[in-house]
Amino acid sequence: MNGSTRAPWLRSYALLVFLFLYLPIAILILYSFNGGGIGGFPPKNLTLDWYRMLWDDRAIWDSVLNSVIVAAFAVVLSLLFGVPAALALDRASFPGKGLFRRLVLLPLILPGIITGLSLLMLFVAAGLRLSLLTIALGHGTALIAVAVTEVYAGVLKMDRGLEEASLDLGASYWQTFRRVTLPHLRLSIIGAALLIFTLSMDEIAVSFFLVGRENTLPLEIWSRLRRGMTPEINAISTLIFVFSLSSIVLWYRIRTREEGGLVEAQVLEPQSHGGNI
Amino acid sequence: MYTRTYKTAVAVPPLLWVSTFLLLAYLLLFLHSFWSVQDGQIVHHWSLSNYRTLATQPLYLEVLWRSTKIAGAVTLLSLALGYPLAYYLSFYSRRKMLLYQLVIIPLWVSYLVRAYAWKTILGSDGVLNTLLQYVHLTDAPVSALLYSPFAVILTLTHIYTPFAFLPIFAALEHIPRHLVESSSDLGASPRQTFWRVVMPLSLPGVIAGATFAFVLSLGDFLAPLLVGGSSGIMISNVVVSLFGAAYDWPLGAAVSLAMLLLVLLLLWLTESLEKRWSHA
């Protein structure tokens, strides 16, 4: 049964689902080259004008830079707390551990709007002015969930005997952590970092509530969409798509090089996405 | 082998951070829902008045009900698309892993980009309408395509089908193939094998996928704003306007809490269902 293709109906159905998943993206990309604007069939006067316009668009590139800063901050913050949290969940027992686990994962499960609002209230109560910093704190906190799940999976696969040996041979905990634990978790940590970076670059629901004066890229696109649509947005969307694809390929390369084969390679699964970190 | 110091060192910093930035934040949402606004100021005056408003003004319940219906439709459609796809990939495809990656890739495409793509397709001078006119199926643009609950459902289904697919595929992959083979060896037709063996064993995946699709689409507020129009307004849009122009944070908090409660109830329900199945 396995491996056979004696299911013509099912096969056609699967093909249709793939069409449904990819057609909008293909149209989006195609129309980024359309001289006639965002709609209109058939597309005509293929042009690179929209990309040229995009290239000269300072506001967009400023927001890209903002997004990169926010995402980098979010990666550092979520790993800073996510790695120890994963170790703690595996090795320590403390009161409220069950609650802690649920709480950490909550931003991944809840609609982004709830996490966004709650953080807004917290920052306002703390008298913090809304800015890129508040967005970065929000992303970093919400994405601890991703760091924990990715790194925890790595911790489970790790051979504890190695750490034990290191400690027995007189290394301190800190040395053991740096020389044994971290190198073993490297792959999970890199994977988590890539995933967190990409999710943060794309995040909009939480940012929506925490934004100050400076926009992140999705918020900049959002504010333009409200003013009217131009194929320039198709162009930036196409670039985002290419960027996302490259990060998957990059992840693959790292993974296959480390593991020496494609057999076990699995692409990261963004647990939750977009509007909902 | 891990000393107390080690355990404290790894547990305390994340515990503190998460308690401050998540627990306290969610708690503030809860507290706000009992406060109220007077003369443009939030006053810490405890009452259930926000919840009373919620229960008595039909607007809120109507929108909540509509959001539930939209999310329900998205869930059903995502399953209807995701399940056969997962089944095909797991049982029939020769290039399973490649196709699997192909399902995942759209997840990496910006959420906003995908919603925007639908807007360019469904608009009155969008791709679909001009195509219909180009092939002379219609003379005038079909305006019902965009700014309708239909557009919201379509867009959200596109966004959340991969989410429904993932756990279903995982569940199907875990079904021992010898079970399927013995079923057919013992004379069951492919149809019987599917309904009596494969389907029941994949149910936990279906439930996980359905939960994802439902919860995520229930709380969505960007797709409705982008493609929904006034008839596609969902509960999160009400919350957004209460936090924005209307400046009634306490009422907004109460509405979000109602949504949160619905979500938590659902999560609890599916978790207990899964537990029950894994014991059976």
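First the proteins, then the strands, lettered A, B, ... as listed; each starts at 1.
- Contact check for A/Leu117 versus B/Trp249: no side-chain heavy atoms found under the 4.5 Å cut-off.
- Only the side chain of A/Leu167 comes within contact range of chain B, with at least one heavy atom under 4.5 Å from a heavy atom of that chain.
- Your options are B/Leu225, B/Leu24, B/Leu154, and the one with the most heavy-atom pairs under 4.5 Å with chain A is B/Leu225.
- Using a 30° and 60° split on the angle between ring planes, B/Tyr2 and A/Tyr173 fall in the tilted class, from 30° to 60°.
- For A/Val242, no part sits under 4.5 Å from any heavy atom of chain B, backbone or side chain.
- If you measure heavy-atom distances from A/Trp174 to chain B, you find no contacts under 4.5 Å at all.
- The main-chain N or O of A/Ala92 is never found under 3.5 Å from a side-chain atom of B/Tyr6 such that the two would form a donor-acceptor pair.
- Side-chain N or O atoms of B/His158 include one that pairs as donor or acceptor with a backbone N or O of A/Leu21 at under 3.5 Å.
- Annotation for A/Phe18: atom CZ counts as buried by contact number, over 12 foreign heavy atoms lying within 6.0 Å.
- For A/Ala126, no part sits under 4.5 Å from any heavy atom of chain B, backbone or side chain.
- Between B/Phe91 and A/Leu10 there is no side-chain heavy-atom pair separated by less than 4.5 Å.
- Residue A/Arg101: no heavy atom, backbone or side chain, is found under 4.5 Å from chain B.
- Both the backbone and the side chain of A/Leu122 come within contact range of chain B, each with at least one heavy atom under 4.5 Å from a heavy atom of that chain.
- For A/Leu77, the part lying near chain B is the side chain, with the backbone staying farther off; criterion is any non-hydrogen pair under 4.5 Å.
- The CD1 atom of B/Ile42 sits 7.0 Å away from the CE atom of A/Met121 when rounded to the nearest 0.5 Å.
- Under the 4.5 Å side-chain criterion, counting only non-hydrogen atoms from C-beta, A/Arg11 is not in contact with B/Tyr92.
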